[in-house]
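Everything quoted here is computed from the prediction, not taken from an experiment.
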Amino acid sequence: MLLTQQHTQVLIIGAGPSGLMMAAQLLRNGVQPIIIDNKQGPTTQSNALVVQARSLEIYRQLGIIDGVIKNGNPVKGASFNIDGKEKARFRLTDIGNGQTPYPFLLLYQQYKNERALLDYLTLNCCPVYWDTNLTALIQTGKKVEAKLQSGEETVTITCDWLIGADGAHSAVRKQLQIPFTGDTYPHEFYLADVELDNAELDEDYVQLFLNKNSFAGFFPMPEARNYRVIGNLPNDLETKQDLEIDDVLPLLDKTAERRINLVQNNWFTVYRLHHRMADKFRDQRCFLIGDAAHIHSPVGGQGMNTGLQDAYNLGWKLAGVINNQLNEAVLNSYAAERMPVAKTLLATTDRVFTLIMAENWLVNLVKKWVLPKLLNIIWAQKGTRAGFFKRISQTGITYRDSNINLHLSNSTKVKAGGRLPYLKVFDEKKQEETDLHQWCGKPGFTFIALGNLSDLDLFMLAKWITQNYPATINFFYLPQSTKNKTVFDAFEISEGRKKALIIRPDMHIGFMNDVVDIDMMDNYLLNVMGLKPF
């Protein structure tokens with residue numbers, strides 16, 4: 001399909017996971033973007049492998065979760081091996097029970113994520129224009145002018161908003177002259193997608209092997225006997241030209257202290273790792289998301305998921321502005337909310353990765369004798385496991401300091417700005433079980449009134465929404481009952497008390513109050529969130 005000169009509301013540069021998720025979120029909220037990518041088409045090769053629970057919750061909201069789970073491999077555990085001997089072993093199955101519908105880490109290759117999102121775009125009549133490059137952009141007042149090279153043709157597209165989702169070497173970021181501050185790790189690394197004939201390798205466990213000078217990680221793919229293998233290259237191999245997997249196999253044997261029997265090599269590449277972050281995520285009418293905004297080590301499988309979260313955060317805000325439902329000032333909250341997340345992530349992954357790669361003799365002694373015992377002791381604590389899952393799954397990310405949230409409650413466990421807890425709910429009227437996340441399945445904000453309200457109260461609330469916010473707020477009411485006690489306990493609501501919640505479209509709590517008061521909610525929606533009445 002040829003791209004012609006035109007004006008569009010949103011132009012997305014990059015059709016990786018972040019760009020595709022951005023397009024999906026806009027489509028879900030009624031905005032039709034144009035999305036381009038410089039690749040020839042979808043690929044079957046990708047660096048990212050782990051999909052975290054928070055990303056799976058987004059897929060559920062999009063209605064594509066069943067296919068994702070079916071074609072992925074939930075990690076059942078991880079083992080920590082030093083000099084070929086197992087020193088620590090951790091079960092990861094259901095460590096997030098009660099926190100999410102998906103209490104596990106899912107191994108699901110990046111290209112599969114892209115295919116799932118591409119299918120969503122196709123169903124919504126949104127093509128990707130492949131083999132198309134951004135060559136220049138100019139911001140002029142109320143629009144952005146982008147010059148694109150599409151095959152042999154040069155095309156000029158104007159847009160109201162432009163999204164840079166074009167990876168670590170982002171042309172958008174370079175055109176905007178935004179510094180990409182950080183550094184490159186000194187070592188070179190390899191990545192291989194392979195089929196192995198090693199019965200002793202557990203196809204349900206991630207297996208990490210360390211020795212004095214090297215490490216190797218074996219990640220079981222959804223396909224039988226297939227693994228993603230990553231590791232560092234020694235100095236003598238870093239300088240070798242045209243490195244192939246056969247050059248690395250002796251190193252793998254030595255690191256794992258066993259013979260690795262290669263059946264088939266599906267992909268092999270060598271690369272360097274970076275930890276960098278853009279100095280700003282927005283420049284006038286242009287935004288950076290995903291790797292264009294931040295890159296870091298693969299520790300914890302956070303990279304692709306963080307990019308998906310960037311798009312999830314920005315998508316509903318931008319759609320609200322375009323649809324004239326939100327004031328443009330809400331867009332300032334994107335960088336305000338996401339930059340601290342990226343900064344914390346870079347610092348955390350850098351510390352862990354530096355420890356893994358350290359060659360200092362004292363650190364090596366700690367890794368060999370102290371760290372495994374410490375990990376076993378810590379993992380035995382239930383609270384530690386739950387805290388680990390909350391961090392790695394990204395379900396613990398909070399925007400409590402954001403100026404578009406308002407907490408007017410005495411609640412200390414759950415606060416405005418935090419993710420809406422995953423809590424099961426028994427629908428007394430329908431006599432069936434659902435959950436709070438399902439209540440947020442439709443586009444827009446979700447207003448939840450908790451506690452016993454009179455019929456007149458309910459009538460007035462419904463009238464208020466119908467007259468002022470009919471297209472932007474979905475209303476749910478949950479009275480107190482024995483079957484829903486866990487919900488009221490989670491929000492610290494005692495008998496006879498009430499609570500009002502307004503949930504943002506990204507399932508973070510925007511507003512929480514210990515009374516159900518229309519004037520106070522109006523104040524939040526109009527003056528804090530910037531929502532425009534009907």
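Residues Ile509 and Asn405 have side chains not in contact (no heavy-atom distance under 4.5 Å, counting atoms from C-beta outward).
From Gln109, atom CD reaches atom CG of Asn73 across 9.5 Å, with rounding to the nearest 0.5 Å.
If you check the side chains of Ser333 and Ser402, you find no donor sitting under 3.5 Å from an acceptor. Of the N and O atoms on the side chains of Ser481 and Asn484, at least one donor lies less than 3.5 Å from an acceptor on the other residue.
Salt bridge status for Glu337 with Arg400: absent, with no side-chain N to carboxylate O gap under 4.0 Å. Under the 4.0 Å criterion applied to side-chain N and carboxylate O atoms, Arg225 and Asp197 are assigned as salt-bridge partners. Taking 4.0 Å as the cut-off between side-chain N and carboxylate O, Asp435 and Lys424 do not count as a salt-bridged pair.
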Next item on the list: Just do the ring-ring contact (aromatic ring centres under 6.0 Å, His included) check on Phe209 and Phe218 with the steps written out, would you?
Entry: CA-CA 8 Å; Phe209 293 89; Phe218 291 75; 5.6 Å; yes
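In terms of heavy atoms, Phe447 sits closest to Ala500 at CE1-CB, 4.1 Å. What you find for Arg115 and Pro42 is that their closest heavy atoms are NE-CB, 3.4 Å.
Under the side-chain contact (heavy atoms from CB on, under 4.5 Å) criterion, Asp119 pairs with no residue at all, not counting sequence neighbours. Applying the side chain to side chain donor-acceptor pair (under 3.5 Å) test to Arg419 and every residue at least two apart in sequence or in another chain returns Glu57.
When ring centroids are compared, Phe445 and Trp316 come within the 6.0 Å threshold.
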